[in-house]
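What you see is a predicted model, and the numbers here were worked out from it, not measured in a lab.
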Amino acid sequence: GTDIFVAILDTSIKTSKRSDQLAYSTYFGGSRGESPYSLKEDSSGNLYISGFTMSPDMTVTSNAFEATYDNNLDGFVLIFNPANAATAGPLLSTYLGSDGSQIATGIDLSPKVTIYVTGYTSGDIFSHLGGVANPKLNGLSSAFVLGFQTPNTASAQAKDRHRGEQ
């Protein structure tokens, strides 16, 4: 399968060879394939990536929101710091899934380091959580917004907004 790769170039190094500017690179993924959709960087240099996976064996961290692969397409959130990723590994790696398929298409951060993940689903994603605005699928697919309180916890609050509803 395909893996995610991240490369950081140091453009302050003046050279004719781009490979001389490579400051950091890594791969991440399981056996069947991952596709990243969105990337953000915070002021500490942590990288936040969202997307989807087809891999039942993707590495998850002990603080994962969801540690088990659920279906043929599960969303994921990955957080790592390039400064220590080689020795410490990801700060967070978690599936986002349920019945149906989930694609995590966007990621953003609030000033208080709340992580917001957006995407769409063809299943009743997060129906097992309390505080979900509309936990049942209406139609073929629904948009979702998921908010993690901090990158170091598995607790999350979910909001689910279905197409056509205000």
Side-chain angles (χ1 to χ4, degrees), residues 1-98 100-122 125-126 141 143-158:
T2 58
D3 284 340
I4 298 165
F5 80 92
V6 175
I8 299 173
L9 300 177
D10 183 349
T11 58
S12 68
I13 298 171
K14 302 302 177 199
T15 179
S16 60
K17 289 176 49 184
R18 287 283 184 209
S19 61
D20 291 341
Q21 294 179 320
L22 185 63
Y24 173 82
S25 68
T26 189
Y27 289 99
F28 183 83
S31 61
R32 292 187 53 210
E34 287 70 38
S35 291
Y37 267 75
S38 187
L39 172 104
K40 290 285 183 177
E41 181 180 16
D42 69 16
S43 61
S44 299
N46 295 318
L47 299 178
Y48 298 74
I49 302 170
S50 67
F52 75 88
T53 182
M54 297 177 286
S55 297
D57 57 353
M58 182 183 84
T59 299
V60 294
T61 54
S62 62
N63 60 343
F65 174 68
E66 189 169 346
T68 306
Y69 179 73
D70 287 320
N71 205 343
N72 60 345
L73 294 178
D74 274 7
F76 71 82
V77 172
L78 172 63
I79 305 169
F80 67 94
N81 187 312
N84 66 10
T87 56
L91 301 173
L92 174 71
S93 176
T94 186
Y95 290 108
L96 300 175
S98 70
S101 296
Q102 290 72 45
I103 310 284
T105 58
I107 196 162
D108 208 351
L109 310 170
S110 76
K112 295 184 179 184
V113 196
T114 298
I115 304 163
Y116 294 102
V117 180
T118 60
Y120 58 94
T121 180
S122 64
I125 190 168
F126 313 125
S141 66
F144 68 84
V145 175
L146 174 68
F148 288 90
Q149 295 305 308
T150 70
N152 297 320
T153 182
S155 65
Q157 294 180 350

Interatomic distance, OH@Tyr24 vs OG1@Thr26, rounded to 0.5 Å, equals 4.0 Å
Ignoring hydrogens and geometry, is there a side-chain-to-backbone donor-acceptor pair from Tyr69 to Met54 under 3.5 Å? yes
Calculate, to the nearest 0.5 Å, the distance between atoms CG and CD1 belonging to Leu78 and Ile107 respectively. 8.5 Å
Distance in Å, Tyr48 OH paired with Tyr116 OH, rounded so as to fall on 0.5 Å steps: 13.0 Å
Is there a side-chain contact between Asp74 and Leu96 (heavy atoms, below 4.5 Å)? no
Under the criterion side-chain contact (heavy atoms from CB on, under 4.5 Å), which of Leu73, Thr121, Leu146 is the partner of Gln102? Thr121
Rounded to the nearest 0.5 Å, how far apart are CD of Glu41 and CG of Leu109? 10.0 Å
If you look at every heavy atom in Asp3 and Gly30, which pair is closest and at what distance? OD1-O, 3.4 Å
Check: Phe28 and Ile49 side chains under 4.5 Å, non-hydrogen atoms: no
Mind listing the closest non-hydrogen atom pair of Pro56 and Arg32 along with its distance? CD-CD, 3.8 Å
Just checking, any donor-acceptor pair under 3.5 angstrom between side chains of Glu34 and Ser55? yes
Any side-chain heavy-atom pair of Thr94 and Val60 under 4.5 Å: no
Least distance between heavy atoms, Pro90 atom then Thr61 atom: O-CG2, 3.6 Å
Closest contact, heavy atoms only, Thr105 versus Gly119: OG1-CA, 3.5 Å
State the OH-CZ distance between Tyr37 and Phe76, to the nearest 0.5 angstrom. 10.5 Å
Heavy-atom closest contact (Ala104 atom, Val117 atom, distance): CB-CG1, 3.7 Å
To the nearest 0.5 Å, tell me how far Tyr27 OH sits from Ile4 CD1. 12.5 Å
Minimum side-chain heavy-atom gap Asn63-Leu92 below 4.5 Å: yes
Are Ile79 and Leu47 side-chain neighbours, meaning at least one heavy-atom pair lies under 4.5 Å? no
Which pair of non-hydrogen atoms, one from Tyr95 and one from Thr68, has the smallest distance, and what is that distance? CD1-C, 3.6 Å
Is the backbone of Val77 close enough, under 3.5 Å, to the side chain of Ser50 for a donor and an acceptor to pair up by distance? no
For Ser101, does its backbone N or O pair with a side-chain atom of Ser122 as donor and acceptor, under 3.5 Å? yes
